[in-house]
2 protein chains.
Amino acid sequence: MDEAFSGYYDSSSPDGAASSAASKNIVSERNRRKKLNERLFALRAVVPNISKMDKASIIKDAIDYIQELHDQEKRIQAEIMELESGN
Amino acid sequence: MDEAFSGYYDSSSPDGAASSAASKNIVSERNRRKKLNERLFALRAVVPNISKMDKASIIKDAIDYIQELHDQEKRIQAEIMELESGN
DNA sequence: CATCACACGTGATTC
DNA sequence: TGAATCACGTGTGAT
């Protein structure tokens with residue numbers, strides 16, 4: 001990385017083809033972002049108590065929620081055990 | 001919003017104070033991103049079967065997992081009901 | 001060679 | 001006024 005000097009030229013079709021290689025990337029990138037946002041949105045949908053709308057918080061709430069679920073599952077499992085075996 | 005014209009000027013001390021308003025933002029942004037990534041990382045940590053490492057997939061897997069947990073909880077709840085009331 | 005996924009800096013917007 | 005959050009286009013490394 002970081003070549004001292006590189007006499008690069010972009011190449012890309014020398015003649016016409018003004019459509020530039022770049023704008024391809026732009027679109028892809030836009031898509032990636034959209035997808036990511038949708039996912040984030042979906043995540044927000046399955047998590048009950050969202051505190052704030054910002055991305056970081058959404059993920060955080062999701063994490064908390066998962067851990068909560070884990071906890072509950074454990075508790076419930078224990079309860080079953082008791083009911084089953086105990087009597 | 002969207003004023004036709006706003007003759008705004010960044011101003012910031014006309015004379016010295018070259019410290020540019022911008023570089024403040026750069027740092028903030030860097031932080032935001034870092035935080036977000038850490039969150040994403042943490043999310044990856046609590047979700048068991050990650051298919052791919054890319055951000056979108058991570059979130060997706062998390063969503064799937066949550067739904068799975070929901071399902072299980074329901075099933076287990078039902079089981080308890082049965083054990084309890086049944087007799 | 002192209003394609004994907006990423007981090008970056010930047011301008012806009014909002015509180 | 002300043003801080004925080006976002007979406008964007010771009011350059012880059014990996015596949």
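Labels below follow one simple rule: chain letters A, B, ... track the order of the sequence lines, proteins then strands, and each chain is numbered from 1. Heavy atoms only: backbone and side chains are in, while hydrogens, waters and symmetry mates are out.
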Please answer whether the main-chain N or O of B:Met81 pairs with a side-chain N or O of B:Ser85 as donor and acceptor at a distance below 3.5 Å.
yes
Taking CG from A:Asn25 and C1' from C:dT3, how many angstroms apart are they, rounded to a whole number?
9 Å
Donor-acceptor check, side chain of A:Asp61 to backbone of A:Val47, threshold 3.5 angstrom: yes or no?
no
Is the shortest distance from a Lys or Arg side-chain nitrogen in A:Arg75 or A:Glu79 to a carboxylate oxygen in the other one below 4.0 Å?
no
Rounded distance (Å) that lies between atom P of D:dA7 and atom NZ of A:Lys34:
13 Å
Before giving the answer on side chain to side chain contact (heavy atoms under 4.5 Å, CB included), spell out for B:Met53 and B:Arg44 the whole-Å C-alpha distance, their side-chain angles and the decisive distance to 0.1 Å.
CA-CA 9 Å; B:Met53 266 285 268; B:Arg44 202 171 83 238; 3.5 Å; yes
Begin with the C-alpha distance, continue with both residues' side-chain angles, and end with the deciding distance and a verdict on salt bridge (charged side-chain N to carboxylate O under 4.0 Å, His left out) for A:Lys35 and A:Glu38.
CA-CA 5 Å; A:Lys35 195 163 79 179; A:Glu38 279 164 15; over 6 Å; no
Nearest whole angstrom, please: distance from the C1' of C:dC8 to the CG of B:Leu36.
15 Å
The nucleotide from D:dT10, C:dC4, D:dC6 with an atom nearest the side chain of A:Ser28 is C:dC4
Considering only heavy side-chain atoms of A:Arg33, the closest of C:dG9, D:dC6, D:dG9 is D:dG9
Of C:dT10, C:dT3, D:dG11, the nucleotide closest to the side chain of B:Ile26 is C:dT10
Do B:Leu36 and B:Val46 sit in one hydrophobic cluster, given that two such residues count as connected whenever their side-chain heavy atoms are within less than 4.5 Å of each other, even indirectly?
no
Near-strand residues of residues 43-55 of chain B, defined as heavy-atom separation under 4.0 angstrom from DNA chain D:
none
A:Ile50, B:Leu69: one ILVMFWY side-chain cluster at the under-4.5 Å cut-off?
yes
Kindly say if A:Arg32 contacts the phosphate of C:dC4, meaning a side-chain N or O under 4.0 Å from OP1 or OP2.
no
Starting from P on D:dC6, measure out to CD on A:Glu38 and report it in whole angstrom.
17 Å
Between C:dC6 atom P and B:Ile58 atom CD1, what is the distance in whole Å?
8 Å
Quick one: is B:Asn37 getting a side-chain N or O under 4.0 Å of the C:dA7 phosphate, OP1 or OP2?
yes
Under 4.0 Å: is that the gap between some side-chain N or O of A:Arg30 and OP1 or OP2 of D:dC8?
no
Between P on D:dA7 and CG on A:Asn31, what's the gap in Å once rounded to a whole number?
15 Å
Length of the line joining B:Glu29:CD and C:dT13:P, which is rounded to integer Å
16 Å
